[in-house]
Amino acid sequence: MFNIEYFIKALKLSWVQRILKSNGACKAIFESIIGCNINSIFKFGKEFLNKKANVIKNIFWKEVLSDLYIFLNCVDEDDNIYQHLWYNNNIKVDSKPIYFKRWADRDIFYVYDLLDENGSLIQSYDIFCAKHNFYPPITQFDGLHNAIRATWYAIQNRHHTFSLPHCPIHIYYILTNKQRGPSVYNLFIKNLKTNNKYITKWSEELNLVEGTVWWKKINIIPFKSTIDCKLRWFQYRIIHRIISTNKYLHMINLKDSPLCTFCNRHTETIVHIFWECRLVAIFWEDFKVWLYDDTLTNLQLHVTDVILGKLHKDQEVKYLNTLVLIAKFHIYKQKIKNCLLCINGFIKELDLYLKTEEVIYKNNMECDSFVKKWSI
Ligand SMILES: [Zn+2]
């Protein structure tokens, strides 16, 4: 499902790309707004962006920096030696990210600046001072070392190989957006924590033991079965259990009774309204008879096939999923209208659907695909 919020965030980050690639006035304006050199946005860790976003008054650039902060949480460096030393939540002294200005003035910004020529973490204060010709307070040196070791203990026991100059990973993705590798939008989306509660609930209710790949395919079925956005959205709401039933409407005080619209005997849940209800069961029997009379297809329907869709590579299943989806939509519309179910009503709706779909395929010069889909 397309995420407009993160699409806008990705668009805003394209401004960072423009500024980084520009040489003149654009860069100067940005620097005057954020109050520091543009290099700061990739030489400092994400807490720096957060801090800047909180103090900037210009709303547009405030949002750009906030989005850059979120984006930094979405991407990780391959090796911790490329991590920022300053304003980095992974390197804390007294529970706070640190910034030693004198160190930054000496161009010390990354963990790899604390490695010797063999790629090992410099353990001795004297060797560090000799390498950088710089003599900070020894307490700062010890504090920084302890903070790094506290987060990445193994870093001190390894010889690291690294190549310089190194472009921070978030800046690399912004600069190469849509040219190389995953786009900024896709990286945002990849990091989104999906709410999988619906999987747990369906697994319990339908006795399923399927894995993530199976559920991904189930989510794709409505997109493969129909080009009708209304039907796709309808099936999405069923899969994600966000379609309203009397049980839910009663719970939020919008209906007096949680009982089924058709039988008025049992609580109207998603499974009940589309499968368990005795009147709906009669409708599915009529559906199977109609299908057999029309196509000689002997359809075996199970509750999971009806509610979530049927997974199979055959072309046959593709149109059967479409038919079941249209039939479910008919059931739901009759429920909303408070009308009885009737197979003839479904056949009329199917006829209208086929005529509409045929026109769309024709307009898109895809007549063959339409014939292939429905050549039963
Ligand atoms: Zn019922």
Side-chain angles (χ1 to χ4, degrees), residues 195 197-210 215 218-219 221-222 225-226 228 230-295 297-311 317 319-353:
N195 183 352
K197 266 188 191 168
Y198 75 95
I199 293 180
T200 315
K201 287 193 172 177
W202 278 131
S203 300
E204 282 170 11
E205 201 167 341
L206 300 177
N207 248 335
L208 299 171
V209 284
E210 307 292 350
W215 282 101
I218 286 294
N219 274 288
I221 286 178
S225 308
T226 177
D228 186 333
K230 205 164 55 218
L231 284 176
R232 286 176 173 179
W233 172 233
F234 168 70
Q235 180 59 16
Y236 178 89
R237 286 189 293 159
I238 293 176
I239 295 172
H240 291 262
R241 305 174 66 95
I242 51 173
I243 197 150
S244 57
T245 57
N246 286 352
K247 183 187 175 186
Y248 175 72
L249 295 172
H250 175 67
M251 213 163 65
I252 58 170
N253 292 326
L254 287 179
K255 277 250 176 190
D256 295 334
S257 163
L259 296 181
C260 170
T261 311
F262 299 130
C263 68
N264 204 27
R265 278 190 188 174
H266 301 279
T267 302
E268 188 181 284
T269 61
I270 299 175
V271 173
H272 182 84
I273 198 72
F274 291 118
W275 181 256
E276 286 175 345
C277 179
R278 66 184 173 85
L279 294 169
V280 173
I282 293 170
F283 172 81
W284 285 121
E285 283 307 313
D286 291 345
F287 176 87
K288 283 197 276 185
V289 171
W290 162 80
L291 189 66
Y292 185 79
D293 287 349
D294 240 40
T295 68
T297 306
N298 201 355
L299 181 66
Q300 297 296 317
L301 275 183
H302 300 284
V303 56
T304 309
D305 303 338
V306 169
I307 302 289
L308 301 173
K310 197 174 171 73
L311 284 183
V317 174
Y319 86 77
L320 284 177
N321 275 328
T322 314
L323 288 181
V324 170
L325 183 53
I326 295 166
K328 273 190 296 185
F329 197 45
H330 171 71
I331 295 171
Y332 195 69
K333 280 201 289 191
Q334 295 302 95
K335 168 198 140 50
I336 299 292
K337 288 189 282 186
N338 220 349
C339 292
L340 286 174
L341 290 171
C342 161
I343 192 69
N344 289 330
F346 156 73
I347 294 168
K348 271 186 194 168
E349 282 184 27
L350 175 66
D351 196 42
L352 181 65
Y353 174 87

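From a predicted model like this one, the values you see are computed outputs, not experimental measurements. Residue numbers count from 1 along this sequence. No hydrogens, no waters, no symmetry mates; every other heavy atom, side chains included, goes into these values. Read the numbers this way: they start at 1 and go in the same order the structure lists the ligands and their atoms.
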By side-chain hydrogen bond (donor to acceptor under 3.5 Å, both in side chains) - contacts of K230 (at least two apart):
none
I242 CD1: over 12 foreign heavy atoms closer than 6.0 Å:
yes
Does the side chain of Y332 pick up a donor-acceptor pair with the side chain of T261 at under 3.5 Å?
no
Would you tell me whether Y353 and T226 have side-chain atoms, one donor and one acceptor, within less than 3.5 Å of each other?
yes
Taking atom NZ as the centre, does K201 end up with more than 12 heavy-atom neighbours from other residues, nucleotides or ligands that are less than 6.0 angstrom away?
no
Once you measure the plane-to-plane angle for Y198 and W215, does it fall in the parallel (<30°), tilted (30-60°) or perpendicular (>60°) bin?
perpendicular
With 2.8 Å as the limit, count the protein N, O or S atoms near the Zn ion (ligand 1).
4
